[in-house]
Amino acid sequence: MVEVTLPDGSKIEIKKGKTVLDVAENIGPGLAKAAIAGRLNDDFVDLTCKIVDNCNLEIITLKSDDAFHILNHSAAHIMASAVVKIFPNARPTIGPAVDEGFYYDFAIDEPFSQEDLENIESQMKEFIEADTPFVREDISIKEAIEYYKLTEDNKFKVEILEEIDDSNSISFYSHNNGDFKDLCRGPHVPSTKRVTTVKLLSVSSAFWRGDAKRESLQRIYGIAFPTEKDLKKHLRMLEEAKKRDHRILGPQLDLFDTADEWGPGMPLIFPKGRVILETMRNFWEKEHKKAGYEIVQTPHIFKEIVWQTSGHTEYFIENMFPVDLRGELWYVKPMNCPGHMMIYNRRAYSYKELPVRIGEMGTVYRYELSGVLHGLFRIRSFTQDDAHIFMLPSQLEDEIVNVINMVNHFYKTFGFKEWEYFISTKPAKAIGTEEGWEHATNALINAMKRVDIPFKIKKGDGAFYGPKIDVDVKDAIGRKWQLSTIQVDFNLPERFDINYLGEDSQKHRPYVIHRVIYGATERFLAILVEHYEGKMPVWLSPIQVVVIPITDNHVNYAKKVVEEFSKAEIRAEADTSGERMEYKIRQATLNKIPYILNVGDKELESKTIAVRSRGNKVEFGVNIPDFINKILKEIENYQ
RNA sequence: GCCUCAAUAGCUCAGAUGGAAGAGCGGUUGACUCGUAAUCAACAGGUCAGGGGUUCAAUUCCCCUUUGGGGCUCCA
């Protein structure tokens with residue numbers, strides 16, 4: 001007999017050699033029916049997996065968080081079987097489950113068309129309906145290689161197999177009663193019908209092993225869900241994302257437009273977009289001055305020598321814009337750090353003066369590969385809300401705590417509800433001492449603990465020059481954006497010979513962190529547009545109030561009303577064009593202006609306004625000073 | 001950069017087996033002066049991305065360039 005510990009801590013005894021499914025049945029027939037896999041200690045296993053030792057076991061049903069991954073992996077296999085059936089010359093390569101579903105890469109001469117996708121999808125549905133079991137089979141690597149060489153003529157699988165050296169045997173999974181089998185670690189759902197619903201989403205190409213020098217493959221993306229309802233929800237989310245696309249909304253709301261013939265990756269920000277950026281900037285400066293930062297400004301280009309000192313010519317040159325100044329080489333800045341280092345170095349600092357915090361909204365230029373450019377999300381000219389903090393090693397933890405508090409304050413103010421912290425530790429290739437890394441990494445961890453915020457560790461994911469904290473922010477429809485990063489830097493202080501004078505009147509090296517909160521302000525703006533679907537809160541709205549006269553007789557009164565609002569520094573405009581009133585209301589609504597005010601005879605007489613707020617609620621006879629105060633209060637509260 | 005799909009009016013798009021370029025919205029002008037999400041009419045707008053080729057004839061077919069969309073190892 002062996003002892004099985006369940007997630008709730010309870011233990012049951014079963015006969016050695018019984019399967020995961022047996023345990024589920026033991027607990028209850030309902031659970032056995034719902035089960036699709038198990039987690040044995042830390043590993044995911046099939047229901048047919050035999051239990052031979054005392055262990056922890058969790059039964060995974062379609063409702064479990066981990067089910068999505070397993071389900072999608074099985075769906076990838078079913079897709080591969082459908083593709084091979086329809087295109088016998090297609091060679092499956094790899095097909096993992098990913099966060100957004102699954103994909104499978106095929107080597108095939110002709111690319112898949114939209115019509116092919118539909119055919120593949122209906123073939124998959126047939127296979128799912130047939131409800132054949134997934135069967136696991138362990139064979140030796142040698143045998144597997146023979147199989148792929150002789151039976152399937154698939155050099156890709158052979159290549160994968162030849163790289164596996166940690167075990168002698170390997171597992172295959174087959175379904176369709178053995179018609180299709182594929183090299184796979186598993187686990188899989190017990191039978192095809194458990195993959196309730198699938199949808200193929202797109203087809204694209206990808207390189208074998210992501211290497212541009214290797215074969216080009218055709219990749220099909222799809223997604224599987226436990227229920228029809230979940231799929232519908234997901235498709236709605238995709239629709240929703242499309243509606244919020246800042247590349248559409250930006251030009252539509254006259255905020256900005258992305259690159260075209262004037263230079264890919266070089267966005268033009270229009271007056272209204274600029275108002276939002278300015279509001280972001282004002283908030284930023286106010287908060288940073290409060291937090292003891294000194295605001296600076298550094299040039300857009302420096303001579304080559306600066307970038308040699310910083311190491312950029314060595315490590316970053318591919319991404320930099322060179323400037324040939326009649327034979328002398330300059331570079332446009334891809335980062336603000338060197339300028340800030342030089343500003344620190346303008347004089348000697350005493351240990352008593354640290355920390356020194358230097359901040360700048362600095363516009364940088366990076367030559368990104370043309371293929372990665374994407375709206376305002378990935379551009380070649382963008383503004384970082386950059387800051388560098390120079391401090392004693394003992395101050396690191398406090399400073400990190402300060403930055404984290406500021407990050408939280410910012411995201412809350414801009415209307416986000418959830419964000420997550422990640423700490424990245426020392427990578428394989430790194431500079432700096434072991435003690436330095438340990439001290440800095442611990443400071444990051446302790447800081448997170450002090451603010452009492454949960455965080456995850458990304459092992460070995462730090463930059464070569466120091467550990468870091470990243471923050472992922474979730475938007476209104478659940479998409480995640482990496483915004484803030486807080487990085488310790490052991491590199492630049494060395495390169496720029498950054499010092500402070502210690503109590504012993506000797507020179508010492510300070511710790512330096514760089515950090516951004518918005519990240520790139522243009523990207524943050526685009527995220528705000530998608531987050532709010534263009535409906536900016538009042539304090540961020542480029543136009544906060546539009547006044548619409550009922551007839552031409554009310555134009556003067558409309559102008560006077562606008563004046564009242566302008567005096568209170570509320571962004572107001574009157575629409576005095578010759579259009580009909582209804583038309584103007586429609587335009588203002590489509591422009592997502594928070595408050596639309598109508599003025600006619602009634603209002604003129606009583607010195608009031610009719611207020612239409614978002615959601616088409618109209619209130620008549622509103623007193624103007626009262627309404628101004630209401631808006632001012634909203635702006636003050638960042639609403 | 002590489003793979004793939006695409007490029008027609010300011011915007012969204014239609015179009016013809018290769019034979020005189022279309023709609024809606026937007027713009028301008030005129031009329032309407034209106035009470036809460038589109039008043040009516042007229043007019044202007046295009047080297048069909050650019051270059052080359054095939055053809056009696058190319059926006060349409062082929063090649064190149066430019067630009068844009070999607071994608072480019074979250075491990076069998």
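Order of the sequence lines sets the chain letters (A, B, ...), proteins ahead of strands, with each chain counted from 1.
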Visitor: Which label fits A:His246 and A:Phe256: parallel for a plane angle under 30°, tilted from 30 to 60°, or perpendicular past 60°?
Guide: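 If you compare the ring of A:His246 with that of A:Phe256, the planes turn out tilted.
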
Visitor: In whole Å, what separates the C1' atom of B:rU65 from that of B:rC72?
Guide: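 Nearest-Å result for B:rU65 against B:rC72 at atom C1': 23 Å.
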
Visitor: Taking only the C1' atom of each, what is the distance from B:rA16 to B:rU8 in whole angstrom?
Guide: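 That atom pair is separated by 13 Å.
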
Visitor: Using whole Å, report how far CG of A:Leu183 lies from P of B:rC75.
Guide: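 In whole Å, B:rC75 P and A:Leu183 CG are 15 Å from each other.
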
Visitor: For B:rU12, give its Watson-Crick or G-U wobble partner with both distances under 3.5 Å, or none.
Guide: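 With both distances under 3.5 Å, B:rU12 matches B:rA23.
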
Visitor: Taking atom P of B:rU36 as reference, at what distance in whole Å does atom NE2 of A:His554 sit?
Guide: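 Going from A:His554 (NE2) to B:rU36 (P), I get 14 Å.
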
Visitor: What's the CZ-P distance between A:Phe422 and B:rC74, to the nearest Å?
Guide: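 Those two atoms, CZ and P, are 17 Å apart.
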
Visitor: As a test of reading the structure: which of B:rA76, B:rU73, B:rG35 is closest to the side chain of A:Tyr103, going by heavy atoms?
Guide: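 Taking heavy atoms from C-beta onward, the closest nucleotide is B:rU73.
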
Visitor: Who is the Watson-Crick or G-U wobble partner of B:rU59, with both distances under 3.5 Å?
Guide: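 Looking at the geometry, B:rU59 pairs with no nucleotide.
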
Visitor: Considering only the C1' atoms, how many Å lie between B:rC11 and B:rC74, rounded to the nearest integer?
Guide: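 The same atom, C1', in both gives a distance of 39 Å.
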
Visitor: Which value, in whole Å, describes the distance between the C1' atoms of nucleotides B:rU17 and B:rA31?
Guide: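 Going atom to atom, C1' in each nucleotide, I get 48 Å.
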
Visitor: Mind checking who B:rC2 pairs with, Watson-Crick or G-U wobble, both distances under 3.5 Å?
Guide: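 Its partner is B:rG71 (Watson-Crick or G-U wobble, both distances under 3.5 Å).
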
Visitor: Would you mind classifying the nucleic acid contact of A:Ile550 as base, sugar-phosphate or nothing, using non-hydrogen atoms under 4.0 angstrom?
Guide: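 Base: the residue A:Ile550, judged by heavy atoms under 4.0 Å, touches a nucleobase.
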
Visitor: I want to check something: taking the side chain as every heavy atom from C-beta on, are A:Leu255 and A:Pro542 in contact at a cut-off of under 4.5 Å?
Guide: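 When only atoms from C-beta onward are counted, A:Pro542 and A:Leu255 do touch, with a gap below 4.5 Å.
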
Visitor: Nearest to the side chain of A:Arg219, heavy atoms from C-beta on, is which of B:rG71, B:rC75, B:rG70?
Guide: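 When the side chain of A:Arg219 is considered, B:rG71 is the closest of B:rG71, B:rC75, B:rG70.
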
Visitor: How would you label the contact of A:Glu368 with the nucleic acid (heavy atoms, under 4.0 Å): base, sugar-phosphate, or nothing?
Guide: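 No contact at all - A:Glu368 keeps every heavy atom at 4.0 Å or more from the nucleic acid.
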
Visitor: For A:Phe68 and A:Phe225, take the angle between the two ring planes, folded into 0 to 90°, and tell me which bin it lands in: parallel under 30, tilted 30 to 60, perpendicular over 60.
Guide: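 Rings of A:Phe68 and A:Phe225: tilted, as their planes differ by 30° to 60°.
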
Visitor: Tell me whether A:Asp461 is salt-bridged to A:Lys468, with the criterion being a basic N under 4.0 Å from an acidic carboxylate O.
Guide: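 Not counted as a salt bridge, because no side-chain N and carboxylate O are separated by less than 4.0 Å.
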
Visitor: Are the charged groups of A:Glu530 and A:Arg244 less than 4.0 angstrom apart, N to O?
Guide: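 A salt bridge is absent here (no side-chain N lies under 4.0 Å from a carboxylate O).
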
Visitor: Could you pick out which residue, A:Pro96 or A:Gly600, lies toward the 5' side of RNA chain B when each is mapped onto its nearest nucleotide?
Guide: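 The residue mapped nearer the 5' terminus is A:Gly600.
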
Visitor: Output the rounded distance in Å from CD (A:Gln482) to P (B:rC74).
Guide: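 Roughly 17 Å, once rounded to whole Å.
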
Visitor: For the side chain of A:Arg586, starting at C-beta, report the closest nucleotide among B:rA76, B:rA38, B:rU36.
Guide: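 So the side chain of A:Arg586 is nearest to B:rA38.
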
Visitor: Tell me which nucleotide among B:rC72, B:rG35, B:rA37 gets nearest to the side chain of A:Tyr221.
Guide: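 Per side-chain heavy atoms of A:Tyr221, the pick is B:rC72.
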
Visitor: Once the angle between the rings of A:Tyr315 and A:Phe464 is folded into 0 to 90°, is it parallel (under 30°), tilted (30 to 60°) or perpendicular (over 60°)?
Guide: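 If you compare the ring of A:Tyr315 with that of A:Phe464, the planes turn out tilted.
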
Visitor: Ignoring hydrogens and angles, answer whether the base of B:rU33 and the side-chain atoms of A:Asn553 contain a donor-acceptor pair closer than 3.5 Å.
Guide: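 Per atom types, no contact qualifies.
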
Visitor: Distance criterion of 3.5 Å, no angle test: do you see the side chain of A:Arg612 paired donor-to-acceptor with the base of B:rU36?
Guide: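 In this structure, the two groups form a donor-acceptor pair.
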
Visitor: Classify A:Lys584 by what it touches in the nucleic acid, base, sugar-phosphate, or nothing, heavy-atom distance under 4.0 Å.
Guide: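 Nothing, no nucleic acid heavy atom in range.
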
Visitor: Given B:rG70, B:rG35, B:rA37, which nucleotide is nearest the side-chain atoms of A:Arg247?
Guide: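 In terms of side-chain proximity for A:Arg247, the closest of B:rG70, B:rG35, B:rA37 is B:rG70.
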
Visitor: Roughly how many Å is it from CG in A:Asp105 to P in B:rC75, rounded to a whole number?
Guide: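 Distance check: A:Asp105 CG to B:rC75 P gives 13 Å.
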
Visitor: Which label fits A:Phe377 and A:Trp481: parallel for a plane angle under 30°, tilted from 30 to 60°, or perpendicular past 60°?
Guide: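 It falls in the tilted class, 30° to 60°.
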
Visitor: Figure out the NE2/C1' separation between A:His246 and B:rG69, and round it to whole Å.
Guide: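 After rounding, the reported distance stands at 13 Å.
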
Visitor: Ignoring the backbone of A:Asp552, work out which of B:rC72, B:rG70, B:rU33 is nearest its side chain.
Guide: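 Closest nucleotide to the A:Asp552 side chain: B:rU33.
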
Visitor: For nucleotides B:rG45 and B:rU54, find the distance between their P atoms and express it as a whole number of Å.
Guide: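 So the two P atoms sit 34 Å from each other.
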
Visitor: Write down the distance separating the P atoms in B:rG71 and B:rU60, rounded off to the nearest Å.
Guide: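 It works out to 30 Å between them.
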
Visitor: If you take atom types as modelled and just measure distance, does the side chain of A:Glu318 reach the base of B:rG1 with a donor-acceptor pair under 3.5 Å?
Guide: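 Donor-acceptor pair under 3.5 Å: no.
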
Visitor: Both A:Thr93 and A:Asp601 contact RNA chain B. Taking the nearest nucleotide for each, which residue is further toward the 5' end?
Guide: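 Per heavy-atom nearest nucleotide, the more 5' residue is A:Asp601.
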
Visitor: Rounded to whole angstrom units, what separation is found between the CD1 atom of A:Ile160 and the C1' atom of B:rU73?
Guide: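 Checked: the CD1 to C1' distance equals 10 Å.
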
Visitor: Any side-chain N or O of A:Tyr583 less than 4.0 Å from the OP1 or OP2 oxygen of B:rG26?
Guide: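 A:Tyr583 to B:rG26 OP1/OP2: side-chain N or O found under 4.0 Å.
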
Visitor: For nucleotides B:rG46 and B:rC13, find the distance between their C1' atoms and express it as a whole number of Å.
Guide: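 It comes out at 15 Å once rounded to the nearest Å.
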
Visitor: Over how many whole Å does the gap from A:Arg580 atom CZ to B:rA31 atom P extend?
Guide: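 Spelled out: CZ on A:Arg580 to P on B:rA31 is 17 Å.
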
Visitor: Which base sits across from B:rG30 as a Watson-Crick or G-U pair, both distances under 3.5 Å?
Guide: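 Checking every strand shown, B:rG30 finds its partner in B:rC40, with both distances under 3.5 Å.
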
Visitor: Could you work out the separation of B:rA44 and B:rC32 based on their C1' atoms and round it to a whole Å?
Guide: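 Nearest-Å result for B:rA44 against B:rC32 at atom C1': 22 Å.
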
Visitor: Tell me whether the side-chain N/O atoms of A:His374 come closer than 4.0 Å to OP1 or OP2 in B:rG70.
Guide: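 The answer is yes; a side-chain N or O of A:His374 sits under 4.0 Å from OP1 or OP2.
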
Visitor: Ignoring hydrogens and angles, does a donor from either the side chain of A:Asn616 or the base of B:rA37 sit under 3.5 Å from an acceptor on the other?
Guide: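 It does, because a donor-acceptor pair links the side chain of A:Asn616 to the base of B:rA37 below 3.5 Å.
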
Visitor: Among the candidates B:rA76, B:rC34, B:rG70, find the nucleotide nearest to the side-chain atoms of A:Ile94.
Guide: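 The closest nucleotide is B:rA76.
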
Visitor: Before accepting this row, confirm whether a basic side-chain N of the pair A:Arg219/A:Asp105 lies closer than 4.0 Å to the acidic partner's carboxylate O.
Guide: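 The answer is yes: the pair qualifies as a salt bridge.
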
